[in-house]
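Beneath this line is the structure, given in structure tokens, with notes to follow.
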Amino acid sequence: MTDPAIPRIDPARLLADLQALGRVGALEGGGVCRLALTDADRLGREWTLGRMRELGMQVSVDAIGNAVGVYPGLHDLPPVMIGSHIDTVRTGGLYDGNYGVLAGLEVVAALREAGLRPLRPVAVAFFTNEEGARFQPDMMGSLVYVGGLALDEALATRAIDGPTVGEELARIGWRGDAPVGAPAVDCFVELHIEQGPVLDRRGLQIGVVEGVQGISWTEFTIEGTSNHAGTTPMEMRHDAGLVAARIAVRAREIAGEVGGGQLATVGAIELRPNLVNVIANRAVFTVDLRHTDEAALARAEDLLFAFAEQAAGEEGVRCARRSLARFAPVRFDPLVVDLVEEEARALGLTHQRMASGAGHDAQMLARVCPAGMIFVPSVGGLSHNVREHTHPEDLAHGARVLLRAVLRLANRPL
């Protein structure tokens with residue numbers, strides 16, 4: 001069902017934009033690598049900023065590198081913001097983050113072509129280092145934008161390959177002069193691929209996102225003693241690798257014990273000296289815990305941390321840990337959630353309410369304004385993968401829901 005009073009999305013233009021941005025940092029054989037604040041990210045930023053300027057938007061860049069383009073409304077008010085990110089993981093796809101930004105620009109293009117200016121301005125933003133693949137924490141730019149992380153602390157954060165955020169922003173020429181947190185936001189809507197299998201498996205077209213899981217990232221460092229693998233009796237070992245393995249297994253067990261959708265992942269691990277015939281004297285690894293309920297997430301953390309200390313004591317090794325990221329679960333505002341569902345229904349699209357398993361910039365913006373998200377299906381549930389794919393018709397459906405939702409929000413009575 002279409003409404004002649006509402007501007008039309010151009011699906012072909014949206015797909016062409018996704019493919020064009022996907023050529024920046026393209027990987028041989030498919031996929032994209034635009035780690036935050038690398039040269040590829042700089043080129044992607046320049047391309048996206050160019051599209052904003054082509055649309056006549058008022059563009060600003062702040063001190064953490066967040067970029068905002070504003071399409072004026074009839075009144076000088078805080079804008080309705082559409083936003084996401086354009087940085088990727090090392091083996092990313094075309095759609096993660098990029099879709100939300102470029103669909104936002106497609107909304108502006110549709111409004112501009114129709115000669116339509118809503119009561120409130122419409123802004124499109126892309127935030128720095130959403131992925132957290134090169135700098136932790138993830139969602140850094142949006143967290144700084146809302147005041148949840150001090151700018152100086154963010155700028156001093158060191159990358160996994162050495163330089164700091166501030167150094168890299170300066171190197172690529174993207175430390176802007178706009179005030180952090182400007183403009184103030186009326187409300188925020190993020191369109192995103194699901195990055196999971198639920199919509200695809202159920203044959204649904206739209207996910208109405210009610211909230212985002214809480215996230216706990218912890219890095220453990222185990223210090224033991226290197227020794228000969230053939231001459232050291234088992235009972236005389238201080239094996240950092242063994243303790244890391246026990247904690248990894250325990251994390252999986254804790255997920256089952258806590259239940260209710262608790263997730264646990266050991267995603268990175270390094271052993272030293274990493275030799276076949278030497279007992280490891282050092283293990284550094286990460287544990288990612290997620291849950292939609294804060295109390296359950298905290299229980300999982302308590303169980304994991306207590307076991308880590310126990311296992312280290314039993315093996316006679318030292319255990320240290322540091323938090324890489326910790327975000328409480330977020331419930332999105334009914335103003336946005338209900339409206340997204342109404343517009344999906346008005347378009348005759350099959351849909352369901354759901355929680356997001358991944359973290360997103362919208363959960364940060366929810367600290368300062370009504371916020372919500374729209375999901376479209378990910379084929380096979382694949383994301384953070386070069387084979388990430390969403391069917392063109394689903395991309396178009398999501399953009400249409402976004403346009404209608406943004407128009408209603410921007411035209412709310414003053």
Side-chain angles (χ1 to χ4, degrees), residues 3 5-14 16-18 20-21 44-62 65-86 97-127 141-142 145 176 178-179 181-192 335-336 339-340 343 361-362 365 368-374 395-396 398-414:
D3 185 336
I6 295 177
R8 292 191 175 186
I9 292 294
D10 183 339
R13 179 171 55 198
L14 173 57
D17 279 354
L18 282 164
L21 182 54
R45 287 165 171 268
E46 290 171 357
W47 186 93
T48 308
L49 216 66
R51 286 290 290 122
M52 289 178 171
R53 289 181 173 135
E54 288 171 8
L55 293 170
M57 303 177 79
Q58 301 165 3
V59 176
S60 63
V61 179
D62 68 16
N66 298 321
V68 180
V70 178
Y71 177 76
L74 295 175
H75 298 274
D76 185 16
L77 294 167
V80 174
M81 182 177 280
I82 308 165
S84 199
H85 62 98
I86 64 168
N98 307 297
Y99 171 51
V101 175
L102 298 184
L105 295 182
E106 179 57 34
V107 165
V108 170
L111 294 175
R112 189 167 180 259
E113 288 173 352
L116 181 61
R117 288 177 59 188
L119 295 178
R120 295 171 178 80
V122 174
V124 179
F126 59 88
F127 296 103
S142 54
Y145 193 93
V185 183
D186 175 80
C187 54
F188 183 87
V189 188
E190 183 170 4
L191 174 61
H192 211 282
L335 168 71
V336 181
L339 193 151
V340 166
E343 293 307 324
D361 293 310
L365 271 292
V368 297
C369 68
M373 296 188 71
I374 305 163
L395 297 172
R400 292 186 183 105
V401 174
L402 179 68
L403 170 61
R404 294 171 67 104
V406 166
L407 265 179
R408 283 186 59 187
L409 290 167
N411 282 322
R412 300 191 328 276
L414 303 180

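It should be emphasised that the depicted structure is a prediction, and the values quoted were computed from it without experimental measurement.
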Quick one: side chains of residues 119-126, donor-acceptor pairs under 3.5 Å with protein atoms, not counting sequence neighbours, listed by atom name and distance.
from   : atom 1 : to     : atom 2 : distance (Å)
Arg120 : NH1    : Ala410 : O      : 3.3
Arg120 : NH1    : Arg412 : O      : 2.7
Arg120 : NH2    : Pro413 : O      : 3.4

Non-hydrogen side-chain atoms of Ile82 and Val108 separated by less than 4.5 Å: no

Answer whether the closest heavy-atom distance between the side chains of Leu191 and Met373 falls below 4.5 Å. no

Those residues that, when tested against Tyr145, pass ring-ring contact (aromatic ring centres under 6.0 Å, His included) (two or more places apart): Phe127

Measuring only between side-chain heavy atoms, which start at C-beta, is Pro78 closer than 4.5 Å to Val185? no

Could you tell me whether a side-chain N or O of Asp17 sits under 3.5 Å from a main-chain N or O of Leu102, the two making a donor and an acceptor? no

Let me see the working for Leu14 and Asp10 under side-chain contact (heavy atoms from CB on, under 4.5 Å), right down to the final yes or no. CA-CA 6 Å; Leu14 173 57; Asp10 183 339; over 6 Å; no

Please check this pair: side chain of Asn411 against backbone of Leu407, looking for a donor-acceptor N/O pair closer than 3.5 Å. yes

Charged N-O contact under 4.0 Å between Glu113 and Arg13: yes

Indicate yes or no for a side-chain donor-acceptor contact from Glu190 to the backbone of Ser84 under 3.5 Å, with no hydrogens or angles considered. no

Short side-chain to backbone donor-acceptor contact, Arg51 and Leu105, under 3.5 Å: no

Looking only at heavy atoms, the pair that brings Pro118 and Tyr71 closest together is CD-CE2, 4.2 Å

Nearest heavy-atom approach of Asp62 to Gly181 is OD2-N, 4.3 Å

